[in-house]
Amino acid sequence: MGLDLQIDCSEAVLEKLRTKHNVTLTEVKQCFMNIDGGFLEDTREEHKTTPATEWFIAETHKERKLKVCFVQTGKVIDIKTAYPPDAEEIRIYNAKAY
């Protein structure tokens with residue numbers, strides 16, 4: 001991720017990350033720093049957005065794997081959610097992002 005990009009997150013999403021997924025914004029930012037694959041587009045009908053919702057799986061500095069979903073508009077990345085991925089999400093990511 002380029003240093004000129006800005007990561008934003010609404011208060012509602014921050015609350016969901018904290019209470020539902022036990023994830024911090026710091027962990028999400030670490031995942032962007034540690035990504036070693038590409039971004040995938042979420043093509044499920046109920047998750048389609050304009051611009052497209054993208055996602056990736058990466059580890060935090062403490063090696064905690066997270067799936068991070070976001071929308072990028074220009075130089076702003078808007079976090080939609082982040083949580084520990086299940087086995088199927090890891091399989092899909094490993095098959096398509098490398």
Side-chain angles (χ1 to χ4, degrees):
M1 181 179 84
L3 295 175
D4 57 342
L5 294 177
Q6 174 186 338
I7 296 178
D8 280 348
C9 193
S10 72
E11 286 299 320
V13 170
L14 282 174
E15 179 69 14
K16 178 175 79 171
L17 292 179
R18 184 172 50 253
T19 61
K20 185 175 181 183
H21 302 303
N22 193 30
V23 172
T24 67
L25 187 56
T26 297
E27 288 178 305
V28 172
K29 290 178 179 180
Q30 290 173 0
C31 287
F32 274 98
M33 289 187 277
N34 295 334
I35 188 171
D36 64 356
F39 298 144
L40 298 179
E41 184 176 328
D42 190 340
T43 57
R44 296 173 296 172
E45 193 61 40
E46 68 272 19
H47 294 276
K48 284 191 175 185
T49 56
T50 303
T53 297
E54 297 180 272
W55 65 278
F56 68 95
I57 295 174
E59 291 184 348
T60 67
H61 294 345
K62 293 184 178 180
E63 299 181 353
R64 181 183 185 200
K65 256 184 204 176
L66 295 177
K67 177 181 178 180
V68 178
C69 302
F70 66 96
V71 173
Q72 182 173 350
T73 306
K75 294 184 178 188
V76 177
I77 292 175
D78 186 30
I79 303 301
K80 296 299 179 190
T81 193
Y83 55 87
D86 63 26
E88 180 65 5
E89 290 166 325
I90 293 169
R91 184 197 66 75
I92 291 168
Y93 188 73
N94 288 339
K96 295 184 176 184
Y98 293 94

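All figures in this text were calculated on a predicted structure; none of them were measured in a lab. In what follows, every heavy atom counts, from backbone to side chain, and hydrogens, waters and symmetry copies are set aside. Note that the numbering runs from 1 along the sequence shown for the chain.
- Atoms NE2 and CE, on His61 and Met33 in that order, are 3.5 Å from each other to the nearest 0.5 Å.
- Placement of Leu25 and Val76 in two distinct hydrophobic clusters is found when ILVMFWY residues are connected by side-chain heavy-atom separations under 4.5 Å, directly or transitively.
- Counting only distance, with no hydrogens or angles, the side chain of Asn34 and the backbone of Ala58 share no donor-acceptor pair below 3.5 Å.
- For Thr49, the side-chain hydrogen bond (donor to acceptor under 3.5 Å, both in side chains) partners are Thr53, not counting sequence neighbours.
- For the pair Leu5/Phe32, no side-chain contact is recorded, criterion being any heavy-atom separation below 4.5 Å from C-beta on.
- Contact of the Cys9 side chain with the Val28 side chain is not registered, since no non-hydrogen atoms from C-beta on lie closer than 4.5 Å.
- Both Ile7 and Ile57 sit in one connected hydrophobic cluster of ILVMFWY residues. Membership requires side-chain heavy atoms under 4.5 Å apart, directly or through other members.
- Evaluation of the side chain to side chain contact (heavy atoms under 4.5 Å, CB included) rule for Glu88 yields Asp86, Arg91, Ile92 as partners, not counting sequence neighbours.
- For the side chain to side chain donor-acceptor pair (under 3.5 Å) condition, the pairs that include at least one residue of residues 67-79, sequence neighbours left out, are Asp4-Lys75, Lys67-Tyr83, Lys67-Glu89, Asp78-Lys80.
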Give every donor-acceptor pair under 3.5 Å between a side-chain atom in residues 35-42 and any protein atom, sequence neighbours left out.
unit_1	atom_1	unit_2	atom_2	d
Asp36	OD1	Tyr98	OH	2.7
Asp42	OD1	Arg44	N	3.1
Asp42	OD1	Arg44	NE	3.0
Asp42	OD2	Arg44	NH2	2.8

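- Listed by chain and number, the residues in a side chain to side chain contact (heavy atoms under 4.5 Å, CB included) with Thr26 are Thr24, Gln30 (sequence neighbours excluded).
- Residues satisfying the salt bridge (charged side-chain N to carboxylate O under 4.0 Å, His left out) criterion with Glu54, sequence neighbours excluded, are absent altogether.
- Here the shortest heavy-atom pairing between Pro51 and Val71 reads CG-CG1, 3.5 Å.
- Taking CG of Leu14 as the start and CG of Asp8 as the end, the distance is 10.0 Å to the nearest 0.5 Å.
- Taken from NZ in Lys65 to CD1 in Ile90, the straight-line distance is 5.0 Å, to the nearest 0.5 Å.
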